Amino acid sequence: MPELPDVEGFRERLSATLPGRRIDSVEVRDSGVLRNASARALNRVLSGRRFEEPRRHGKWLLLPAEGPTLLVHSGMTGRPYYTSAGDGDRHDRVVITLDRGELHYADQRKLRGIWLVGDHEDDHEDNDDLDDMLGDQGPDALGLDRHVFTEILRRHRGALKPTLMDQSVIAGLGNLLVDEICWRARLNPKIRIAALDDSDIRQLHRAVTSVLRTAVRHGCVPGLRRWLTRVRDDPDPSCPRCGARVSRGRVGGRSTVWCPRCQPG
DNA sequence: ATCGTTGTTGCAAG
DNA sequence: ACTTGCAACAACGA
């Protein structure tokens, strides 16, 4: 599930509940989601601290807690959430008990998980750790300036879809989102960046902006009536815009759908 | 039972 | 240096 809109939804919900909550204890039910710290270290470092305002970069969720920061990357199936009622998810892997309510991390497949970045209050290099964990991330796709977007794209020679999905180029765009964006901009996902003119890139930026705005409002990439995403799993999909038979294939190693009429190669 | 998957990484090859 | 393809991670459903 999680691409930028999903993670932004996680962030918004946690933003309404988490800031100010004090951590009582950390219970790790499946250490398979811990990537760089033991359950004991997590509990020792976090206990007694209060969560602050959650942040997001691309598909990463950052949960600062008065010095240390909990990093969450949900992979394909992760879901961080707050509950005051003590209810849970079948795939809860970590439960953090707060002075009021609990923060849960549920994840069926455990492809990514949770990282802990240490306390660097008096450290002038306090972003180094964070950068190491997050890896090379381009600017966040949400609210990306058109001229910055143009300049970034112009640096690349590869195919459109793999470039847009590359988190070190632009952070946050995933498989469904990029198919939707290419379709909206009427550009074939396999087209070379070098073949795009200024007008194409302007269209592409408009598509990124409008698709993201709507998706963030829904907290996911929604299968709306006029969206390509609605038909991507149909047995015999037709283009919601022109009615042509939708093509399926693999681009950049990922399952891809496009309209051969709206998005000619 | 084998195949595929909305995410990322590391390695190899072009 | 850049781009592409593949295998791997893990668990589940078709």
Side-chain angles (χ1 to χ4, degrees), chain A residues 1-10 28-36 56-61 71-80 89-94 105-115 131-138 140-141 152-184 188-196 208 211-212 214-216 218-224 227-237 246 248-258:
Chain A
M1 267 175 60
E3 304 184 47
L4 187 153
D6 310 86
V7 181
E8 180 63 10
F10 300 153
V28 176
R29 297 184 183 172
D30 185 336
S31 59
V33 297
L34 305 186
R35 320 308 295 208
N36 77 332
R56 180 190 58 75
H57 188 90
K59 299 169 187 172
W60 285 93
L61 183 65
L71 304 180
V72 180
H73 192 298
S74 295
M76 300 237 279
T77 50
R79 182 173 71 98
D89 181 297
R90 188 170 160 223
H91 298 292
D92 278 340
R93 309 300 186 181
V94 175
Y105 179 67
D107 194 340
Q108 181 198 109
R109 285 172 62 186
K110 301 181 287 183
L111 246 44
R112 305 296 284 153
I114 289 175
W115 285 253
D131 292 346
D132 286 348
M133 300 300 180
L134 267 51
D136 237 358
Q137 296 275 302
D140 193 80
I152 288 171
L153 276 196
R154 288 271 182 243
R155 280 189 228 141
H156 296 268
R157 306 276 109 191
L160 179 56
K161 174 167 180 172
T163 304
L164 290 177
M165 285 191 63
D166 186 338
Q167 302 300 298
S168 70
V169 177
I170 296 170
L173 304 182
N175 198 32
L176 269 56
L177 220 28
V178 166
D179 279 2
E180 194 67 46
I181 287 164
C182 290
W183 178 76
R184 180 77 67 99
N188 190 283
K190 280 183 280 210
I191 198 173
R192 299 272 139 186
I193 301 278
L196 300 178
V208 170
V211 167
L212 265 185
T214 301
V216 163
H218 286 259
C220 64
V221 187
L224 298 176
W227 282 42
L228 180 66
T229 299
R230 178 174 62 82
V231 303
R232 74 176 291 135
D233 293 323
D234 285 1
D236 193 17
V246 164
R248 264 194 245 272
R250 294 189 82 76
V251 179
R254 309 302 303 276
S255 70
T256 302
V257 298
W258 72 95

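Throughout, protein chains are lettered first and strands after them, A, B, ... in sequence-line order, and every chain is numbered starting at 1. Predicted model only: the values in this text are computed from it and were never measured.
One can place CG of A:Leu164 at 13 Å from P of C:dT3, the figure rounded to the nearest angstrom.
The side chain of A:Arg112 sits closest to B:dT8 out of C:dA11, B:dT8, B:dT6. The side chain of A:His91 lies closest to C:dC12 when the candidates are B:dG7, B:dT6, C:dC12. Nearest nucleotide to the A:Lys59 side chain, out of C:dA11, C:dT4, B:dG7: B:dG7. Side chain of A:Gln167, nearest nucleotide from B:dT8, C:dT3, C:dC12: B:dT8. Among the nucleotides C:dC12, C:dT3, C:dA10, the one closest to the side chain of A:Arg90 is C:dC12.
Residue A:Arg155 is out of contact with every strand shown, counting any heavy-atom pair closer than 4.0 Å. Heavy atoms of A:Arg35 sit nowhere under 4.0 angstrom from any nucleic acid atom. Residue A:Ser255 is classed as a sugar-phosphate contact, given heavy-atom separations below 4.0 Å to backbone atoms only.
At a cut-off of 3.5 angstrom, the base of B:dT5 holds at least one donor-acceptor pair with the side chain of A:Arg109.
For the pair A:Gln108 (side chain) and A:His91 (backbone), a donor-acceptor distance under 3.5 Å is absent. Put simply, the side chain of A:Arg93 gets close to the backbone of A:Asp107: a donor and an acceptor are under 3.5 Å apart. Side chain of A:Glu180 to backbone of A:Leu228: a donor-acceptor contact under 3.5 angstrom is found.
Of all non-hydrogen atoms in A:Arg248 and A:Pro237, the two that sit nearest each other are NH2-CD, 3.3 Å.
Annotation: of the two residues near DNA chain B, A:Leu134 and A:Arg232, the 5′-most nearest-nucleotide partner is A:Arg232.
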